[in-house]
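From a predicted model like this one, the values you see are computed outputs, not experimental measurements.
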Amino acid sequence: MEKSDSPTVLKKAIGVVQLWAIAVGLVISGEYFGWNYGWGVSGTVGFLIATVLVTIMYLTFVFSFTELTTAIPHAGGPFAYAEKAFGPLGGLIAGYATLVEFLFATPPIALALGSYIHFLNPAFPVLYVAIGCYLVFTGINLLGIQESAIFNLLITILAVAELLLYLGIVGPHFQLHHFLHNSMPFGWAGVFAALPFAIWFYLGIEGVAMVAEEVKNPHRVIPQGYILGILTLFVLALGVMITTGGITDWKNLSHIDYPLPESIGIVLGRNNRLTSLFTGIGLFGLMASFHGLLLSASRQVFALARSRFLPSALSLIHPRTQTPHVALLVVAGVGFIGIFSGATDKLIVFSVLGAVVLYIVSMVSLLQLRRTAPELNRPFSAPFFPYFPLIALILAVVCLIAIVCYNWQLSVLFFGVLALAILYAFSVGKIKK
């Protein structure tokens, strides 16, 4: 057993409310932007159908995933579950997929933050603001998990309150004929193509697993935080998407990084004080997700390094703050590369690709561990087993097929790098033949 002052032991400081804030904060930027790209490939009703399917996947996934999170409260999350179920190769695949998800989810949010601020004041360039966000929030995460969680709680509450305010402002202007106009221009093929953007509504919720080692009483706190989080996001996602689709021609909002400020500008006027106020407050939702995803990405780098799948220097813990400071700096460095690409939609798809692969591996791991490790202490058991994990698994496979079919170049890159990682692990003896 490691001592509490070990350089690879994380500080326990997170309770139920803070965990709910991390769960919601990780994801809530998905309600602010990104999902609207789905309209461009499916229309409003087509995207609504895709969102319902993805919501079913996430509801069944979270209730199943919570069993793994409470049984194995490890900073590696899916990496730890897959390694226990299938050995080092399974752990490597899950760890790689998780790392891709969280590393490449942050640059689009940084670019969206830049776009929101540029919307408020065109004198601020999008790119420079995005870089500044990485510098500021990496610094906040370096302060320590308790300070980081308190900050996250505050901005998440503000972000949720703002979305409720948005629904109150825009809701009275909803017109059904706007929502139904040309609502499925690409038919069912569009629903299939829209699945990655519907996933963006919820992408990152599993990041709660990455802070499991830092949760007080994880067997009680994790299920409560997870379930409250997914229910909060479910209500907000459907409310924002349906309401926004009914105020104007959806094509006007389908290719921008700031659909909500633009929507308020449409109903109240761009120069209205409420429009500027909302855009300014709207930054909190993006900041909550950006902050939470940086936190989760650094913990995944830390866990993989601690298991020697990445250089061991990345698992170093700061002696005073007990945070993985080297991992945080590396995550920020990768983020800078993503920012300079400027391809928000492609970064989203690449991140979603990693997420879907880890969902598949996690559900297969759950089924495997039920068979091979019946003695494992499971404070929370997946309800309606095996149906919930099987539903989540099947829908995740459908989403993976959709992503590969419509984004084959990104898919080749994703699986090509994974193949190289596996070859490297074999070459250094981390995975035995």
Practice problem: Check whether any side-chain N or O of N252 sits under 3.5 Å from a backbone N or O of W250 as a donor-acceptor pair, and report yes or no. | Solution: no
Exercise. Output every pair passing salt bridge (Lys or Arg N to Asp or Glu O under 4.0 Å) with a member in residues 390-412, not counting sequence neighbours, ordered by first then second residue.
Key: none
Practice problem: State which residues pass side chain to side chain contact (heavy atoms under 4.5 Å, CB included) with V136; sequence neighbours excluded, sorted by chain then number. | Solution: I140
Quiz prompt | Side chain to side chain, I28 and Y32, heavy atoms closer than 4.5 Å | solution = yes
Self-check item: side-chain hydrogen bond (donor to acceptor under 3.5 Å, both in side chains) contacts in which one or both residues fall within residues 233-245, not counting sequence neighbours
Solution: Y166-T244
Quiz prompt | Pairs involving residues 48-74, ordered by first then second residue, that meet salt bridge (Lys or Arg N to Asp or Glu O under 4.0 Å) (sequence neighbours left out) | solution = E67-R370, E67-R378
Quiz prompt | Side-chain heavy-atom pair F192, I401 within 4.5 angstrom cut-off | solution = yes
Self-check item: Any P389 side-chain heavy atom under 4.5 Å of T60 side chain
Solution: no
Exercise. Count the heavy atoms belonging to other residues, nucleotides or ligands that lie under 6.0 Å from OH of Y387, then report whether that count exceeds 12.
Key: no
Quiz item: Can you check whether F65 and F380 have ring centres sitting under 6.0 Å from each other?
Solution: no
Self-check item: Pairs satisfying side-chain hydrogen bond (donor to acceptor under 3.5 Å, both in side chains), at least one member in residues 349-366, at least two apart
Solution: Y58-Y359, E206-Y359
Practice problem: Locate the shortest heavy-atom distance separating V41 from F186; write the atom from each residue and the value. | Solution: O-CD1, 3.0 Å
Self-check item: Heavy atoms from other residues, nucleotides or ligands near CZ of F124 exceed 12 (cutoff 6.0 Å)
Solution: no
Quiz item: Do the ring planes of Y37 and H255 sit parallel (below 30°), tilted (30 to 60°) or perpendicular (above 60°)?
Solution: perpendicular
Practice problem: Begin with the C-alpha distance, continue with both residues' side-chain angles, and end with the deciding distance and a verdict on side chain to side chain contact (heavy atoms under 4.5 Å, CB included) for L353 and L400. | Solution: CA-CA 7 Å; L353 182 55; L400 178 61; 3.6 Å; yes
Quiz item: Between I93 and F79, does a side chain to side chain contact (heavy atoms under 4.5 Å, CB included) hold up when you go through it step by step?
Solution: CA-CA 8 Å; I93 295 171; F79 157 73; over 6 Å; no
Self-check item: Positive for side chain to side chain contact (heavy atoms under 4.5 Å, CB included) with Y81, one of L366, T69, V361
Solution: T69
Exercise. Report the relative orientation of the aromatic rings in F47 and F201; use parallel for angles under 30°, tilted for 30 to 60°, perpendicular for over 60°.
Key: tilted
Self-check item: Closest heavy-atom pair and its distance - A97, V357
Solution: CB-CG1, 3.7 Å
Quiz item: If you round to the nearest 0.5 Å, how far is OH of Y134 from CG of L328?
Solution: 12.0 Å
Quiz prompt | Non-neighbouring partners of W39 that pass side chain to side chain donor-acceptor pair (under 3.5 Å), sequence neighbours left out | solution = none
Exercise. Measure the spacing between CZ of F61 and OG1 of T55 and express it to the nearest 0.5 Å.
Key: 14.0 Å
Quiz item: For F336, does the CZ atom have more than 12 heavy-atom neighbours from other residues, nucleotides or ligands under 6.0 Å away?
Solution: yes
